Participant: 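Handing you a structure now.
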Amino acid sequence: CETCSKEEAKYRCPRCMKYSCSLLCVKKHKLALSCNGVRDKTAFVSVNEFTDLNLLSDYRFLEDVGRTADAAARHLAMHSSTTKRHLFSLRNKAQKCNIDLRTLPVGFTKRRENSTTFNSTENKFYWHLKLVFPHCHAEYTLKRVPDDKTLADILKPYIDPVESDPVVCQRLKIYTASPHSDVRILMKIENRRQNSVRYNELDANRSLLDNLKGKVIIEYPTLFVVLKTLKNDMVVLGQ
């Protein structure tokens, strides 16, 4: 025992790793070292000493963090009158632009992710936008995309052979290697039966706002970027 140095140690403190022989010595060591006895889940462990137990501990720690973050997102503050007024205003502004914007209840992933705002000074939406490239199994999330930006300009950093990021370009090689005339931008039509999925084809040369007019948007737009020759399973409305 590292406290009394008399008896054989039976316990080891999870926090400071001190050995103790009894409850009395445990209490004494906590008092002397101001130790709370709670294991430090973020304590440094060298690679040589890293074991499966450390890995399991890290995994459980990350799970706890995930649960705490999820609980925070579902907190009553999300139901506050300020939040409700903001969502009501957002839907109202969208309706004036002929966009049927619908929001999900608190706790849904899309509700938590959505960062769409409306700038009253500029009279402009800044959309949360998701781009899906199904042929490469890639997804990208964009924030604060101005509604007057054309879809072609939005896609340039991803599929333009010259202007796109080299890492992204390599991942989306099948798109960058194809002519622009083969690229199609689709958006799923909401409120259809599950066995009757259809898509609207959008105009790359028109602004995001123009393309969203007359459509139902649940939280934020999700655009599917496909190639004309490979979109066999994605049926465009009217075809």
Side-chain angles (χ1 to χ4, degrees), residues 47 58-59 62 65-66 69-70 73 90 94 97 99 101 103-104 108-119 122 124-190 192 197-239:
V47 175
D58 285 354
Y59 179 74
L62 291 173
V65 171
D70 187 58
L90 209 60
C97 297
I99 299 171
L101 178 63
T103 54
L104 296 169
F108 277 74
T109 303
K110 288 189 78 172
R111 171 87 294 270
R112 194 164 58 244
E113 290 174 342
N114 194 3
S115 60
T116 300
T117 58
F118 184 83
N119 189 313
E122 300 177 17
K124 185 190 296 185
F125 272 98
Y126 283 88
W127 288 96
H128 184 104
L129 187 65
K130 183 177 282 187
L131 298 178
V132 181
F133 297 86
H135 309 315
C136 296
H137 305 288
E139 289 186 8
Y140 297 95
T141 299
L142 288 71
K143 294 185 178 182
R144 292 190 57 78
V145 180
D147 62 12
D148 56 355
K149 197 171 186 179
T150 65
L151 299 189
D153 286 337
I154 293 171
L155 290 180
K156 269 184 183 179
Y158 298 90
I159 62 173
D160 189 280
V162 179
E163 296 189 31
S164 62
D165 178 271
V167 177
V168 175
C169 184
Q170 184 61 30
R171 187 178 183 189
L172 304 178
K173 197 172 182 180
I174 189 172
Y175 290 92
T176 53
S178 302
H180 283 298
S181 56
D182 281 356
V183 177
R184 296 286 185 270
I185 305 169
L186 308 181
M187 189 169 73
K188 185 180 175 183
I189 300 173
E190 303 293 352
R192 289 183 67 92
V197 178
R198 294 291 183 272
Y199 295 84
N200 277 316
E201 186 167 341
L202 308 183
D203 188 344
N205 296 316
R206 298 179 69 187
S207 70
L208 179 59
L209 181 64
D210 287 341
N211 276 291
L212 296 182
K213 285 181 178 179
K215 298 178 178 65
V216 176
I217 308 295
I218 297 180
E219 289 292 347
Y220 56 80
T222 299
L223 307 185
F224 294 85
V225 185
V226 299
L227 297 174
K228 183 170 61 175
T229 51
L230 300 175
K231 69 174 183 68
N232 300 331
D233 58 335
M234 303 179 80
V235 183
V236 176
L237 190 69
Q239 292 183 351

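This one's a predicted model, so the numbers in the text were calculated from it and none came from an experiment.
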Participant: Would you say M187 and I217 make side-chain contact, with heavy atoms under 4.5 Å?
Facilitator: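 Side-chain contact under 4.5 Å: yes.
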
Participant: I need the minimum non-hydrogen distance between T116 and L90, along with the two atoms involved.
Facilitator: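 For T116 versus L90, the nearest heavy atoms are O-CD2, 3.8 Å.
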
Participant: Does L209 offer a backbone N or O that forms a donor-acceptor pair with the side chain of D147 under 3.5 Å?
Facilitator: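 Checked: no pair found.
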
Participant: Taking the side chain as everything from C-beta on, heavy atoms only, tell me whether R206 gets closer than 4.5 Å to L151.
Facilitator: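 Not in contact.
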
Participant: If we only count heavy atoms from C-beta on, is the E113 to Y220 side-chain gap below 4.5 Å?
Facilitator: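 They are in side-chain contact.
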
Participant: Look up atom OG1 in T150 and atom CG in N211, then write down how far apart they are to the nearest 0.5 Å.
Facilitator: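 Here the interatomic distance stands at 9.5 Å.
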
Participant: Decide yes or no for I218 and L104: does some side-chain heavy atom of the first lie under 4.5 Å from some side-chain heavy atom of the second?
Facilitator: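 Counting from C-beta outward, I218 and L104 do come under 4.5 Å.
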
Participant: Evaluate the criterion side-chain contact (heavy atoms from CB on, under 4.5 Å) for residue pair L131 and L155; output intermediate values, then yes/no.
Facilitator: CA-CA 9 Å; L131 298 178; L155 290 180; 4.0 Å; yes

Participant: Roughly how far, to the nearest 0.5 Å, is the NZ atom of K215 from the CG atom of L202?
Facilitator: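 Spacing of CG (L202) from NZ (K215) equals 6.0 Å.
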
Participant: What is the distance from atom CD1 of I185 to atom CZ of F224, rounded to the nearest 0.5 Å?
Facilitator: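 These two atoms lie 13.0 Å from each other.
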
Participant: Return the NZ to OG distance between K213 and S207, rounded to the nearest 0.5 Å.
Facilitator: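 Result: 7.0 Å between the selected atoms.
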
Participant: Rounded at 0.5 Å granularity, tell me how far CZ in F125 sits from CG in L212.
Facilitator: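 The CZ atom of F125 sits 9.5 Å away from the CG atom of L212.
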
Participant: Using the rule side-chain contact (heavy atoms from CB on, under 4.5 Å), only one of V225, L129, L223 pairs with I154; which is it?
Facilitator: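 Only match with I154 under side-chain contact (heavy atoms from CB on, under 4.5 Å): L129.
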
Participant: Is the shortest side-chain heavy-atom distance between R184 and Y199 below 4.5 Å?
Facilitator: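 The answer is no; the side chains never approach within 4.5 Å.
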
Participant: Hey, which of K130, R111, K110 is the one that makes salt bridge (charged side-chain N to carboxylate O under 4.0 Å, His left out) with E219?
Facilitator: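 Of all the options given, the one that passes is R111.
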
Participant: With heavy-atom distances below 4.5 Å as the criterion, would you say the side chains of D148 and K124 are in contact?
Facilitator: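 With C-beta onward as the side chain, the pair touches.
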
Participant: Does a side-chain heavy-atom distance below 4.5 Å link C136 with I174?
Facilitator: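 They are in side-chain contact.
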
Participant: Does the side chain of Y158 reach to within under 4.5 Å of the side chain of L142, using non-hydrogen atoms?
Facilitator: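 The answer is yes; the side chains approach within 4.5 Å.
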
Participant: Please report the shortest heavy-atom distance between V216 and E190, naming the atom on each side.
Facilitator: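 Here V216 and E190 meet closest at O-CG, 3.7 Å.
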
Participant: Measuring from atom OH of Y175 to atom CG of L227, what distance do you get when rounded to the nearest 0.5 angstrom?
Facilitator: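 Y175 atom OH to L227 atom CG measures 5.5 Å (nearest 0.5 Å).
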
Participant: Shortest non-hydrogen contact from I159 to T176?
Facilitator: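 Nearest heavy atoms, I159 then T176: O-CG2, 3.4 Å.
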
